[in-house]
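Everything below concerns the one structure shown next.
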Amino acid sequence: MTARDTTVAEAVVTGVGTVAAPAGTALDEPWFDYRARLGPRGYKYLPDACQYLLAAAKDALTRSGAESAGPAGSGGTSGPAGSAGSAGSVGSAGAAGDGPAALAGFAEERRAAVVGTNSAVAALHADITEVVRAGGINRLSPMLTPFFSVNLVASRLSTEHRLKGFNTTVTSPRVAGLEALHVAARELGAGRGDLVLAGVTEAYDPGHGTAAAEAGSVVLVLRPPADVVRPGGALLRTTLRFVPPAALAHESGRRRAGREVREALEALAAPGRAPELIRVVTDGSAVAAAVEAAVRDWSARRVPLSVEAVGARAGALAPMERVAHDLRDGAAGPRTVVAVAGEGNVAFASVDPYGTA
């Protein structure tokens, strides 16, 4: 049994933005209007996942924009996570004329981005393959082809908002969004930035097969854990584990897997702040069954548990949508989301509206 970065990372959430298809919409059909969400110019030729990411980030910064922005200790006040920002805050000039008000007061070198994805450019890869087979490499679009590298999706977010600190893309199956939160929180805690846009973006994967396709984005605005959690904000706590599927063939492996999960939940719970709800987002795999059993054992008789068997999915969006829901639901106490992938990845994220770092 191996443990992949077993630290608990913390950050303060000051804004959340989401992009989601209307209920009942076929994800392989047009449903997103970039003109309405982003503006008429400069976005037409971006891949769908990139447009979703930019729109979710814009919303998150708007909702965080009511604050008098600035690094920890500067006297800024956090806007509500999930509540509407001040009118016109996005696009209004900051202290240096650098865009959203939520970024004002933060040096460009202290702003960063961490984005998780599994399928952001899957459709583009399919299109590139088809074009090359049909007409040769000279038929490729110079506007879209550079995005064959999935890293450019997050890079475009950094270009949009002058995020000149670290820029990281993570792609772990099904848990990439929660892992992005963990990486961002860990780096903030280490003093490597003052503000991070962290989240997930997915676009329709034409090769999703029997897995459910995903499309949309969730972005959180994160600040260092030294910041005070103000009304409407939340304390984020995250940790990661890895359960090798082959280990579950042996009793000793199953026992250790259960112990890893229980220890992660124990570490994630702030003293005296047991979660009021745990959601386990599973894919129906053997790893998911082992993790679910361990969570049930830990939560028995003290914490309500919701198991959401979303099945195999071509993306990492579903767990992040649960985190966004918990941030916007007006919960009185901490809530935890556990995401599991059959490949062995397990990610934990807790949001506590009244926590203190």
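Being a predicted model, the structure only gives us computed values, none of them experimental. All residue numbers in this chain count up from 1 along the given sequence.
- Looking at every heavy atom in both residues, D283 comes nearest to G342 through OD2-N, 2.7 Å.
- Between the side chains of R328 and T18, at least one donor N or O sits under 3.5 Å from an acceptor N or O.
- Closest of all the heavy-atom pairs between A102 and L61 is CB-O, 3.5 Å.
- Electrostatic pairing of R254 and E251 counts as a salt bridge here, judged by a charged N lying under 4.0 Å from a carboxylate O.
- Counting heavy atoms of neighbouring residues, nucleotides and ligands inside a 6.0 Å radius, atom CD of E130 does not exceed 12 of them.
- Closest non-hydrogen pair, A339 versus V175, comes out as O-CG1, 3.6 Å.
- When the options R237, M320, R186 are evaluated for a side chain to side chain contact (heavy atoms under 4.5 Å, CB included) with L181, the one that passes is M320.
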Inset, instruction - Test V153 against T117 for side chain to side chain contact (heavy atoms under 4.5 Å, CB included), laying out the working first. - result: CA-CA 10 Å; V153 175; T117 189; over 6 Å; no
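- Between the side chain of R156 and the backbone N or O of C50 there is no donor-acceptor pair closer than 3.5 Å.
- Ion pairing between a basic and an acidic side chain is recognised when a charged N comes within 4.0 Å of a carboxylate O; R174 and E343 show such pairing.
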Inset, instruction - Would you sort out whether R279 and T336 count as a side chain to side chain contact (heavy atoms under 4.5 Å, CB included), showing the intermediate values? - result: CA-CA 6 Å; R279 285 193 180 90; T336 298; over 6 Å; no
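- Residues R111 and L197 are not in side-chain contact: their nearest non-hydrogen atoms beyond the backbone lie 4.5 Å or more apart.
- Taking 4.5 Å as the limit, some side-chain heavy atom of L140 sits within range of a side-chain heavy atom of I128.
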Inset, instruction - Begin with the C-alpha distance, continue with both residues' side-chain angles, and end with the deciding distance and a verdict on side chain to side chain contact (heavy atoms under 4.5 Å, CB included) for V8 and F348. - result: CA-CA 9 Å; V8 172; F348 304 76; over 6 Å; no
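- By the 4.5 Å heavy-atom criterion applied to side chains, V261 and R241 are not counted as neighbours.
- At distances below 3.5 Å, at least one donor-acceptor pair connects side-chain atoms of N118 with backbone N or O atoms of T171.
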Under 3.5 Å, side-chain donor or acceptor atoms of residues 212-219 against the rest of the protein: list the pairs with distances, not counting sequence neighbours.
residue	atom	partner	partner atom	Å
E214	OE1	A316	N	3.2
E214	OE1	L317	N	2.8
E214	OE2	R313	NE	2.5
E214	OE2	R313	NH2	3.4
E214	OE2	A318	N	3.2
S217	OG	V200	O	2.8

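- To the nearest 0.5 Å, the span separating CG on L124 from OG1 on T145 amounts to 7.0 Å.
- Of all heavy-atom pairs between A198 and A180, the closest is CB-O, 4.1 Å.
- Residues passing the side-chain contact (heavy atoms from CB on, under 4.5 Å) test with F166, sequence neighbours excluded: A112, V114, T168, E187, R192, V196.
- Across all their heavy atoms, L27 and A21 have their closest contact at CD2-CB, 3.6 Å.
- A pairwise comparison of heavy atoms in R255 and R262 identifies O-NH2, 4.3 Å as the closest pair.
- With L178 as the partner, the side chain to side chain contact (heavy atoms under 4.5 Å, CB included) test is satisfied by one option alone out of T238, N345, V337: V337.
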Which atom pairs, donor and acceptor, lie under 3.5 Å between side-chain atoms of residues 287-298 and protein residues at least two apart or in another chain?
residue	atom	partner	partner atom	Å
E292	OE2	R296	NE	3.0
E292	OE2	R296	NH2	3.1
W298	NE1	E266	OE1	2.7

Inset, instruction - Apply side chain to side chain contact (heavy atoms under 4.5 Å, CB included) to the pair R335 and E276, showing each step before the final yes or no. - result: CA-CA 6 Å; R335 293 184 177 184; E276 65 175 30; 2.9 Å; yes
